[in-house]
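Written below as structure tokens is the structure these notes are about.
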Amino acid sequence: VQRATQEAMRSPDGPSGRPAADPRPPAVRPRSSLSGPELAERELLRLILANDARLPTDDLDLNLFTLPEHRAYFEALSPLLESTPSGNVIDIEGLPEGFDAELREVILDDRPLDHDPPALVRRLERWRTERLIVDVRQRVEAESAGSEAHSNLLRQLIVLERRKRELDSE
């Protein structure tokens with residue numbers, strides 16, 4: 001079951017086989033062009049930059065982010081988050097060249113920060129789990145019924161559905 005959970009939660013574009021990251025920071029999309037989950041990702045980046053003491057940093061991982069720029073910013077911010085005491089604003093001057101300028105677009109949002117960071121992370125986890133469920137269901141349909149791959153995918157689907165219920169009840 002643990003292996004099935006790990007396989008189910010692994011991103012389809014995980015670290016194996018990915019091309020080397022582009023050293024240039026991706027451009028920040030305008031806030032008006034983002035959907036609900038993408039806005040939540042942006043808000044999580046703002047909370048990370050502020051290093052909000054309520055932020056459940058142990059629950060943060062790259063797979064909470066869907067947009068390439070959000071994933072790149074999270075990867076760039078992660079080492080700084082780990083080395084900065086909780087509650088102290090992250091010094092973005094330590095980011096690779098160009099990232100600080102792009103992240104200023106995220107920071108210069110005059111709205112107040114989300115009042116419940118743990119709930120925001122749970123929402124992002126739920127959306128990620130829902131995306132994985134859709135992906136695994138499509139893969140189940142493509143497999144021959146009764147095959148080992150089909151059985152493994154069904155186990156992954158059960159684990160994901162269970163995780164979704166857990167997130168709904170928190």
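These figures come from a predicted structure and were not determined experimentally.
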Which heavy atom of Val136 sits nearest a heavy atom of Leu160, and at what distance?
-> CG2-CD1, 3.7 Å
In one Ile/Leu/Val/Met/Phe/Trp/Tyr side-chain cluster, 4.5 Å: Val89, Leu77 | no
Give the C-alpha distance, both sets of side-chain angles, the deciding distance and a yes or no for side-chain contact (heavy atoms from CB on, under 4.5 Å) between Leu60 and Leu55.
-> CA-CA 9 Å; Leu60 303 180; Leu55 191 63; 3.9 Å; yes
CZ (Arg42) and OH (Tyr73) are apart, to the nearest 0.5 Å, by 7.5 Å
Between CD of Gln138 and CG of Leu153, what distance do you get to the nearest 0.5 Å?
-> 11.5 Å
Approximate separation, where rounding is to 0.5 Å, of Leu167 CG and Arg123 CZ = 12.5 Å
Does any N or O in the side chain of Arg71 come within less than 3.5 Å of the main-chain N or O of Phe65, such that one atom is a donor and the other an acceptor?
-> yes
Nearest heavy atoms of Phe74 and Asp61, plus distance in Å | CE2-C, 3.6 Å
Find out if a path of hydrophobic residues (ILVMFWY) with successive side-chain heavy-atom gaps under 4.5 Å connects Val134 to Leu67.
-> no
Heavy-atom nearest pair, Ser86 first then Asn51, reads CA-ND2, 3.8 Å
Nearest heavy atoms of His115 and Arg54, plus distance in Å | O-NH1, 2.6 Å
Would you sort out whether Leu80 and Ile48 count as a side-chain contact (heavy atoms from CB on, under 4.5 Å), showing the intermediate values?
-> CA-CA 10 Å; Leu80 299 175; Ile48 290 170; over 6 Å; no
Residue pair Pro37 / Leu124: nearest heavy atoms and the distance that separates them = O-CD2, 3.8 Å
Nearest 0.5 Å please: distance from the CG atom of Leu120 over to the CG atom of Asp114.
-> 5.0 Å
Between Ile133 and Lys164, which heavy-atom pair has the shortest distance, and what is it?
-> CD1-CD, 3.9 Å
Do the charged groups of Asp135 and Arg139 touch, with an N to O distance under 4.0 Å?
-> yes
Do the side chain of Thr84 and the main chain of Leu81 share a donor and acceptor less than 3.5 angstrom apart?
-> no
Less than 4.0 Å between a side-chain N and a carboxylate O, is that true for Glu161 and Arg137?
-> yes
Has the side chain of Arg128 got a donor or acceptor atom that lies under 3.5 Å from a matching backbone atom of Thr66?
-> no
From Glu125 atom CD to Asn63 atom CG, the distance as rounded to the nearest 0.5 Å | 11.0 Å
Spacing of CZ belonging to Arg155 relative to CG belonging to Leu157, to within rounding of 0.5 Å | 12.0 Å
Please identify each residue that fulfils side chain to side chain donor-acceptor pair (under 3.5 Å) with Thr57, with sequence neighbours left out.
-> none
